[in-house]
Amino acid sequence: MTGDPGKLSCAEFQAQLPELIGSGEDVASHPHVLGCDRCRALLAELETIAEAARQLFPSVEPPDEVWTQIESAIQREGK
Ligand SMILES: [Zn+2]
């Protein structure tokens, strides 16, 4: 492991993903996403979940359960 952010494995990237999204990072521009079709598809799926959550809870911050759902979606995807 060199720690180069552009050379993450999918599992490493996906482990960081909820944190990246939660910190307001532009995840779609992440070097791993740009180079990885699989994670780009995963991200699109997560954005659909996040968008649905915003529609369900328009006036509040996404509750912790949303992130729990996203994390479990990532874990399913990673199998
Ligand atoms: Zn990937």
Side-chain angles (χ1 to χ4, degrees):
M1 289 301 140
T2 62
D4 181 341
K7 298 264 173 68
L8 291 172
S9 72
C10 290
E12 286 169 333
F13 172 71
Q14 288 168 17
Q16 295 180 9
L17 194 48
E19 204 177 307
L20 289 169
I21 294 172
S23 70
E25 197 87 15
D26 185 6
V27 185
S29 302
H30 190 285
H32 183 91
V33 176
L34 295 176
C36 181
D37 289 344
R38 194 163 160 257
C39 288
R40 213 155 42 227
L42 173 64
L43 185 60
E45 198 177 301
L46 296 184
E47 282 172 347
T48 304
I49 296 171
E51 183 60 34
R54 276 195 292 272
Q55 285 169 10
L56 286 171
F57 307 104
S59 61
V60 295
E61 288 295 303
D64 287 346
E65 302 94 81
V66 173
W67 298 115
T68 305
Q69 283 172 20
I70 289 173
E71 281 173 13
S72 62
I74 290 169
Q75 281 157 14
R76 279 200 304 276
E77 193 76 16
K79 296 264 178 246

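Order of listing sets the numbers, starting from 1, for every ligand and every atom in it.
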Where is the tightest heavy-atom contact between [X] and [Y], given as atom of each residue plus distance?
{"X": "Gly35", "Y": "Arg40", "result": "N-NH1, 4.4 Å"}
{"X": "His32", "Y": "Leu8", "result": "ND1-O, 3.0 Å"}
{"X": "Ser29", "Y": "Leu34", "result": "O-CD1, 3.6 Å"}

Problem - Working for side-chain contact (heavy atoms from CB on, under 4.5 Å), residues Phe13 and Leu43 - result: CA-CA 11 Å; Phe13 172 71; Leu43 185 60; 5.8 Å; no

Handout entry: CG on Leu17 to SG on Cys10, rounded to 0.5 Å
Key = 11.0 Å

Handout entry: Inter-residue atom distance Leu46.CG - Ile74.CD1, 0.5 Å rounding
Key = 5.0 Å

Practice task
Using a cut-off of 2.8 Å, find all protein N, O or S atoms closer to the Zn ion (ligand 1) than that distance.
Solution key: Cys10 SG, His32 NE2, Cys36 SG, Cys39 SG

